[in-house]
Amino acid sequence: MEIRKLAIDEHPCTRGLYEEVFPEDSKSFVDYYYTEKTKDNQIYVIEEDGAVQAMLHLNPYQIMVGAEEKTAHYIVAVATRKEYRKRGYMALLLKRALADMQKAGEAFTFLMPAAEAIYEPHDFRTVYEQDRKVYRGGLPGEGRAHTAWEDGKPFQVTELKEEECEETALAAEAYLAEHYQVYARRTERYYSRLKKECESDGGKLLVFRRDGAIADCRLCVRPGEEASKEKPKIMVRAVDVRRLLMSMRLKELTAFCITVTDPIIEENNRCLVVTGTEYSGVMLMDGKEENSEGSITVAALTSFLFGAKSVEEICLEEGVGLSPRLREELRKIVPLSRIYLNEAV
């Protein structure tokens, strides 16, 4: 049994496992994925008996965290061939991928779980439920626009054209920057890829214009087509605790010493002195254990920093013990609670 990261030109060798484990994906979508997404992603595999028996894909995104742009990887296509399951292969792949992301200086990673219970033992925590906007009015005629009314306002709706991707990205980026703290950065390439992704599954991306300006971009869902009522969840895991903490903003002057524990990424096990103001943001130094005011698990810290749990809630978790003063200091951190991560793969 061997764990390794494939070279780009080896990525196609995982397609057979993908199609076997994810038969619900159409051939046209898998064609898109293995033509487009595997150009720049990373694929980790476990090879045994002369073939790939398990895999994990890391798809790169440029993520805005406040005003900072960070590279973060979306974990997808985690799969093990049926005959090789219950051997801990997923845990081995996750550990290797997390270690490599930490060495690369990435602050966090994220995924959409088939079930949250699968990833919770690996310290992933749910921080967001996807809320994808769709349009149910049917496709406009080819090359023509039609009018859609929403909230009493008329919009001209057309299918997104390749030459409109840059304009769409600029409009989306302006809106997301104003309303969210964490989101995938919108670029011309982002929408060009998303357009191909939607079309690979028989869908279309539609542009909504009002007074000539782009106001929205949505996937078209045909009238009568059923959409899942269950919102997909997004789970996050801290990869480099220090880098994640240094992305945080503060409400006022803050100073505390805390011990972080991480059973998987050894480099995250450390005592940290956290200081800063509302102007500087978080500044870090290594601290001494004897000065620590409490201990927090990497999972609880992730839940807190991404606004999924309050200080009071994380204090109820196993492995968390915070002094009264430390609890008050933690409340001065501005959580990353305004999240918009609606990507599918």
Side-chain angles (χ1 to χ4, degrees), residues 21-26 29 32-33 37 56-59 61 63-65 72-79 108-138 148 150-151 160 168 172-173 175-186 190-191 193-195 197-206 208 215-238 299-300 302-310 313-314 335-345:
V21 178
F22 306 110
E24 67 275 12
D25 288 351
S26 66
F29 175 81
Y32 156 78
Y33 187 87
K37 299 295 284 189
L56 176 153
H57 296 211
L58 299 182
N59 290 350
Y61 280 89
I63 303 292
M64 298 304 298
V65 182
H73 281 90
Y74 190 11
I75 299 175
V76 303
V78 182
F108 65 91
T109 185
F110 62 108
L111 55 80
M112 183 195 300
E116 292 165 281
I118 296 173
Y119 294 96
E120 285 172 348
H122 306 283
D123 302 301
F124 286 82
R125 291 297 181 264
T126 300
V127 301
Y128 175 65
E129 289 189 347
Q130 290 191 341
D131 188 15
R132 299 176 186 167
K133 288 185 176 181
V134 297
Y135 178 63
R136 299 180 181 280
E150 292 194 5
D151 299 325
L160 176 68
T168 303
E173 187 70 17
Y175 178 84
L176 292 169
E178 181 180 353
H179 292 87
Y180 296 96
Q181 296 162 288
V182 181
Y183 63 90
R185 184 168 174 262
R186 268 41 177 186
Y190 179 98
Y191 278 102
R193 261 190 165 180
L194 185 58
K195 184 175 187 295
E197 184 178 316
C198 293
E199 290 171 353
S200 74
D201 243 357
K204 298 290 182 182
L205 272 185
L206 303 182
F208 289 65
D216 205 350
C217 182
R218 299 186 198 173
L219 172 66
C220 176
V221 177
R222 290 175 174 81
E225 185 176 333
E226 287 296 322
S228 174
K229 294 180 180 179
E230 186 176 348
K231 293 182 178 181
K233 294 177 171 60
I234 293 295
M235 301 183 84
V236 167
R237 193 198 198 279
T302 299
S303 292
F304 172 68
L305 294 181
F306 282 88
K309 287 190 176 183
S310 65
E313 288 171 323
I314 61 172
L336 297 168
S337 55
R338 291 183 288 119
I339 301 168
Y340 192 84
L341 293 174
N342 279 12
E343 287 63 42
V345 292

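- The heavy-atom pair separating P335 from Q181 by the smallest distance is O-NE2, 3.0 Å.
- Note: D25 CG to Y32 OH = 12.0 Å, rounded to the nearest 0.5 Å.
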| field | Steps toward side chain to side chain contact (heavy atoms under 4.5 Å, CB included) verdict (L341, V127) | value | CA-CA 10 Å; L341 293 174; V127 301; 5.9 Å; no

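- A search for salt bridge (charged side-chain N to carboxylate O under 4.0 Å, His left out) contacts involving R193 returns E36, D40, not counting sequence neighbours.
- The two atoms that bring P113 and M235 nearest to each other are CG-SD, 3.5 Å, heavy atoms only.
- Applying the ring pair (Phe, Tyr, Trp, His ring centres under 6.0 Å) criterion to Y119, with sequence neighbours excluded, gives F124.
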| field | side chain to side chain contact (heavy atoms under 4.5 Å, CB included) between E197 and F29, intermediate numbers included | value | CA-CA 7 Å; E197 184 178 316; F29 175 81; 4.0 Å; yes

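- In this structure, F208 has its ring center closer than 6.0 angstrom to the ring center of Y135.
- Scanning for salt bridge (charged side-chain N to carboxylate O under 4.0 Å, His left out) contacts around E129 gives K233, with sequence neighbours left out.
- By the salt bridge (charged side-chain N to carboxylate O under 4.0 Å, His left out) test, E116 pairs with no residue at all, sequence neighbours left out.
- With hydrogens and angles ignored, the 3.5 Å screen pairs no side-chain donor or acceptor of E173 with any backbone N or O of R185.
- T302 contributes atom OG1, which lies 7.0 Å from atom CZ of R237 (distance to the nearest 0.5 angstrom).
- Judged as a side-chain hydrogen bond (donor to acceptor under 3.5 Å, both in side chains), and not counting sequence neighbours, the contacts of D216 are R218.
- For the residue pair N59 and V345, the shortest heavy atom distance occurs at ND2-C, 3.5 Å.
- Annotation: salt bridge (charged side-chain N to carboxylate O under 4.0 Å, His left out) contacts of E343 (sequence neighbours excluded): R186.
- Considering CG of L58 and CG of L111, their distance stands at 10.5 Å, rounded to 0.5 Å.
- Considering CG of L206 and SG of C217, their distance stands at 7.5 Å, rounded to 0.5 Å.
- For K309 against I314, the heavy-atom pair with the smallest separation is CB-CG2, 3.8 Å.
- When every heavy atom of L219 is checked against every heavy atom of C198, the shortest pair comes out as CD1-SG, 3.8 Å.
- With sequence neighbours left out, the side-chain hydrogen bond (donor to acceptor under 3.5 Å, both in side chains) criterion links Y61 to K37.
- Residues passing the side-chain hydrogen bond (donor to acceptor under 3.5 Å, both in side chains) test with E120, sequence neighbours excluded: none.
- For H73, there are no ring pair (Phe, Tyr, Trp, His ring centres under 6.0 Å) partners at least two apart in sequence or on another chain.
- Summarising the geometry of S26 relative to S200, their closest heavy-atom pair is OG-O, 3.9 Å, with the distance given to 0.1 Å.
- A299 meets the side chain to side chain contact (heavy atoms under 4.5 Å, CB included) test with D123, R125, T297; sequence neighbours excluded.
- The CG atom of L194 sits 4.5 Å away from the CG atom of L205 when rounded to the nearest 0.5 Å.
- Every residue was checked against the ring pair (Phe, Tyr, Trp, His ring centres under 6.0 Å) condition with F304, not counting sequence neighbours, and none meets it.
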| query | Would L336 and L305 count as a side chain to side chain contact (heavy atoms under 4.5 Å, CB included) if you check the C-alpha gap in whole Å, the side-chain angles of each, and the deciding distance to 0.1 Å? | reply | CA-CA 6 Å; L336 297 168; L305 294 181; 5.6 Å; no

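- The distance from atom CD of Q130 to atom CD1 of I339, rounded to the nearest 0.5 Å, is 11.5 Å.
- With sequence neighbours excluded, the residues forming a side chain to side chain contact (heavy atoms under 4.5 Å, CB included) with Y180 are Y175, L176, Y183, R338, Y340, listed by chain and number.
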| task | Would you sort out whether F110 and I63 count as a side chain to side chain contact (heavy atoms under 4.5 Å, CB included), showing the intermediate values? | result | CA-CA 11 Å; F110 62 108; I63 303 292; 4.2 Å; yes

